[in-house]
Amino acid sequence: MFSGAEVVAALKVASVTHVVWLPDSDLGIWDAALSAADGLSLIRVCREGEAFAVAAGLWLGGQRPIIFLQCTGLFEAGDSLRNFLHDLHLPLFFVVGVRSYKAHRAGASSDTCPLFAEPILKAWKVPFILLSDGSAAEDLAAEYLRAEAGNRAGAVLLAE
Amino acid sequence: MMTHRQALEVLARHRGNKIVVTTMTSGGIWPELSDTPLDFAYLPSAMGQGPSLGLGLALAQPRGVIVVNGDGCTLMNLGCMATIAAQPAPLFVLIMDNGLYEVTGGQPTAAAGRADFAAIARGCGIGRVYAYATLEEWTANASEALQGVGPVVIVLKVEGRMGQKTPKPPRPMSEQISRLRDAIA
């Protein structure tokens, strides 16, 4: 959907300092650009629950983190998300790649991930927007800044 | 073997000006030993996420972070050892290994008596790993272990206690967060 350069530019608009991630095949194409970006640190985790915790620590320490993960990682990270967003009330922001979203809409995939991504985000009470074909990386930055202005957590779903 | 409290008493003497993040059992004992804005009782927690939270804090600011984690919590997030090893952060993770889940009735962990947390940490690439089975060893080496370049993992064999409940934090989480952020700003 977006190139690595476009994502890096969007993150700079949002003054993001750290990307905490475990990428999928769509998000992973940004690896080189994120790794090379000046003023941006890329932190790789082993499982997505860690990403929320690391981002929480960064935020407590005054940094501006963002989390990138696939929807399967979102499902796995549930308790960590619950704790940091709803027990500690931290305004963390994350980008979720929704595997097979477009194929599912076209009736061409039996992947169950698209069935659950939006309902689970709603169940976790996380405001989000969906970006798909025709969206721009700037939309990601705008939503990050909108969440920050509201002192709330937020998410972007990327239709893959 | 040492008690949990004895282990933390040694820590209290050598923590310097580092942030101390406590979890589960240690969250109940530590406030009796130290209660400053740099002491963060991570309660309620997502079990296992203490070291990852500490990593983020340690990457964010240079004063150093000590996380006191249980062996049960560590098992829930073993991968964090590899994540931590990849980051040159001033992070010190203490693993209080008693082989059981104290707050649920003292059931043994799946790894009790088998897993070697020091070997796991070394195997994940942590450069500085220490393991102490007695109070005397920990007392003699704590100063060195808690200084210098991180990340560091310190495994302490401690006695388990039965009949424990999940401790309550010394103050509401919102207040802990405000105090910590103000102190490190």
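Lettering follows sequence order; numbering is per chain, from 1.
Considering all non-hydrogen atoms of both residues, A:Glu50 and B:Gln49 come closest at CA-OE1, 3.4 Å. Scanning both residues, B:Arg181 and A:Gly62, for their nearest heavy atoms gives NH2-CA, 4.2 Å. Minimum interatomic distance between B:Ala60 and A:Gly57 (heavy atoms only, all atoms of both residues): CB-O, 4.3 Å.
Chain A forms more heavy-atom pairs under 4.5 Å with one residue of B:Gly48, B:Ala58, B:Ser45, B:Ala185 than with any other, namely B:Ser45. Heavy-atom pairs under 4.5 Å with chain B were tallied for A:Ala56, A:Ala51, A:Ala55, A:Ser80; the largest tally goes to A:Ser80. Contact count versus chain A (heavy atoms, under 4.5 Å) is highest, among B:Gln87, B:Met81, B:Gln61, B:Gln176, for B:Gln87. No other option in B:Leu78, B:Ile184, B:Ile177 has as many heavy-atom pairs under 4.5 Å with chain A as B:Ile177.
Within a 6.0 Å sphere centred on CD of B:Glu159, other residues, nucleotides and ligands contribute more than 12 heavy atoms. Taking a 6.0 Å sphere around NZ of A:Lys12, one finds it holds more than 12 heavy atoms contributed by other residues, nucleotides or ligands. The local environment of CZ in A:Arg105 is sparse, with at most 12 non-hydrogen atoms from other residues, nucleotides or ligands closer than 6.0 Å.
Looking at A:Arg47, there are no atoms closer than 4.5 Å to chain B (heavy atoms on both sides), in backbone or side chain. For a residue to count as touching a neighbouring chain, one of its non-hydrogen atoms must lie under 4.5 Å from one of that chain's; by this rule B:Met47 touches chain A with the backbone only. For chain B, the nearby part of A:Phe84 is the side chain; its heavy atoms alone come within less than 4.5 Å. With a 4.5 Å cut-off on non-hydrogen atoms, A:Ile43 touches chain B through its backbone and its side chain both.
Clustering ILVMFWY residues whenever any of their side-chain heavy atoms sit less than 4.5 angstrom apart, transitively, puts B:Val129 in a cluster other than the one holding B:Val68. Note on B:Tyr130: it clusters hydrophobically with B:Trp138, by side-chain heavy-atom contacts below 4.5 Å among ILVMFWY residues. One hydrophobic cluster holds both B:Leu55 and A:Phe52 under the rule that ILVMFWY side chains link at heavy-atom gaps under 4.5 Å. Connection of A:Tyr101 to A:Leu69 is established within a shared hydrophobic cluster, with ILVMFWY side chains joined at heavy-atom distances below 4.5 Å, either directly or through further cluster members. Residues B:Val155 and B:Leu94 fall into different hydrophobic clusters, defined by Ile, Leu, Val, Met, Phe, Trp and Tyr side chains chained together at heavy-atom separations under 4.5 Å.
With rounding to the nearest 0.5 Å, the separation of OG in B:Ser174 from CG in A:Asp87 is 12.0 Å. A distance of 9.0 Å separates CG in B:Leu53 from CG in A:Asn83, rounded to the nearest 0.5 Å.
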